Protein chains: 2
Amino acid sequence: MSVGRETRLSAWIERFAAHFAEEGIPLIGGRILGYLLVCQPTERTAAELSQELEASSGSISTNLKFLVNAGLVTKRTRRGRQAAQYRINEKRWVDLIQRKLDALVSVRELTEAGMRLMSGDPERAMRLRAVDDLYTWLATELPAVWERRPASSR
Amino acid sequence: MSVGRETRLSAWIERFAAHFAEEGIPLIGGRILGYLLVCQPTERTAAELSQELEASSGSISTNLKFLVNAGLVTKRTRRGRQAAQYRINEKRWVDLIQRKLDALVSVRELTEAGMRLMSGDPERAMRLRAVDDLYTWLATELPAVWERRPASSR
DNA sequence: TCGTGCCTTCAGTGCCGACCGAAGTGTCGG
DNA sequence: CCGACACTTCGGTCGGCACTGAAGGCACGA
């Protein structure tokens with residue numbers, strides 16, 4: 001007996017969420033992202049997400065707020081008593097990656113500050129310089145690469 | 001009255017450790033790294049680290065084991081009753097960065113798997129494809145950049 | 001103005017990881 | 001064989017974060 005597509009999709013969502021959980025995004029937040037990337041139709045209310053992902057309304061609310069704030073999810077309100085609809089904002093995924101790269105490159109500011117404290121003692125600075133050189137290289141290369149990213153992602 | 005270099009260095013070590021704490025490295029582990037990058041002489045025993053960083057012997061032991069295992073710190077044993085000496089292994093710092101980049105690129109495997117589950121429904125796959133395209137681009141560009149890294153870091 | 005549904009807020013709970021320090025292990029010199 | 005020292009291991013504690021669910025607030029229709 002074969003496994004249905006939706007079942008395999010839930011498993012995929014779980015793996016997806018697990019990956020981002022390792023990067024500090026709450027499990028439920030990751031599930032929301034994964035779900036909104038593949039659900040049909042593309043928009044869901046908070047109540048639907050709560051039921052579909054088996055999470056409390058509070059958790060859904062908190063995580064949606066976080067994701068909307070990060071720009072990854074868009075909230076669409078409707079007049080009347082109708083619940084707001086949420087959908088993925090995949091255009092903003094670049095921001096997520098950019099933050100990652102920025103965090104990496106920003107170490108250079110630390111190593112530079114350390115190097116300044118070491119000025120006048122090149123012998124002692126040797127170890128830090130090796131690390132500083134690495135981040136300096138990263139800080140010059142990565143932004144250049146980033147600028148060449150395909151137009152479709154802007 | 002001016003602040004001594006060693007005092008400013010402790011403050012720097014603390015900032016250094018704080019940064020890597022955000023990336024999941026325990027505070028004490030980060031302090032050890034920062035300290036071993038700038039201390040003079042370059043080698044320290046576990047007992048010295050414990051005193052200098054005001055951390056318990058247990059924490060120092062656990063974190064040193066972790067760092068030695070990661071290749072970032074080298075343990076040098078000495079015969080007799082003499083304590084082992086630890087020093088930074090700055091050559092291996094590239095590995096740390098590579099793991100970071102790998103983690104970023106590895107998301108592509110997830111998005112690819114998701115795309116496969118979506119095959120036959122291009123309409124529904126549109127959102128995921130935007131994200132998949134991004135990671136596919138990253139997965140082709142970043143390794144190429146990495147290969148061009150300066151010889152001094154190999 | 002009242003009722004109704006949706007959402008957010010918040011106090012409470014549980015869990016996990018970092019840290020401590022004492023006990024244990026191993027190794028060496030005497 | 002014993003004492004001494006360095007290091008590791010491990011039970012216990014603490015703090016912080018994710019999550020829950022109920023209570024509260026808000027917006028609308030009647």
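Throughout, protein chains are lettered first and strands after them, A, B, ... in sequence-line order, and every chain is numbered starting at 1. Being a predicted model, the structure only gives us computed values, none of them experimental.
Considering only side-chain atoms of A/Ala84, the nucleotide from D/dA22, C/dC7, C/dC20 that sits closest is C/dC7. The side chain of A/Ala83 lies closest to C/dC6 when the candidates are C/dC19, C/dC6, D/dG21. Nearest nucleotide to the side chain of B/Thr62, out of D/dC19, D/dT9, C/dC7: D/dT9. Nearest to the side chain of B/Ser57, among D/dT8, D/dT20, D/dC7, sits D/dT8.
The separation between B/Glu48 atom CD and D/dC5 atom P is 16 Å, rounded to whole Å. Separating the CG atom of B/Leu49 from the P atom of C/dC20 is a distance of 13 Å, rounded to the nearest angstrom. Counting to the nearest Å, the P atom of D/dA18 and the CG atom of A/Leu67 are 12 Å from each other. In this structure, the CD1 atom of A/Ile32 is 12 Å from the C1' atom of D/dC19, given to the nearest Å. Separating the CD1 atom of A/Ile28 from the P atom of D/dA18 is a distance of 10 Å, rounded to the nearest angstrom. Note: CG (B/Leu64) to P (D/dA6) measures 15 Å, nearest angstrom. Atom pair B/Ile25:CD1 and C/dC19:C1' shows a separation of 17 Å (rounding to whole Å applied). As rounded to whole Å, 15 Å separates atom P of C/dC7 from atom CG of A/Asn63.
In this structure, B/Ile60 reaches neither bases nor backbone, as no heavy-atom distance under 4.0 Å exists between it and the strands shown. Within the 4.0 angstrom heavy-atom criterion, no nucleotide atom of any strand lies near B/Phe66.
Note on B/Lys75: a side-chain N or O is less than 4.0 Å away from OP1 or OP2 of D/dT8. OP1 or OP2 of D/dT9 lies within a sub-4.0 Å distance of a side-chain N or O belonging to B/Lys65.
Enclosure of atom CZ in B/Arg108 by more than 12 non-hydrogen atoms of other residues, nucleotides or ligands within 6.0 angstrom is indicated.
When A/Leu49, A/Ile25, A/Ile60, A/Leu53 are each tested for a side chain to side chain contact (heavy atoms under 4.5 Å, CB included) with A/Arg31, only one passes: A/Leu53.
With DNA chain C read from its 5' end, the first of the two nearest nucleotides for A/Ser59 and A/Gln82 is the one closest to A/Gln82. Between A/Arg78 and A/Gly29, the one whose closest nucleotide on DNA chain D sits nearer the 5' end is A/Gly29.
Ionic pairing of B/Arg124 and A/Glu6 is present here: one or more N-O contacts between side-chain nitrogen and carboxylate oxygen are shorter than 4.0 angstrom. Ion pairing between B/Arg76 and B/Glu43 holds under the 4.0 Å rule for side-chain N and carboxylate O.
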When you look at A/Leu128 and B/Phe16, which way does the side-chain contact (heavy atoms from CB on, under 4.5 Å) test go after all the steps?
CA-CA 12 Å; A/Leu128 222 200; B/Phe16 190 85; 5.6 Å; no
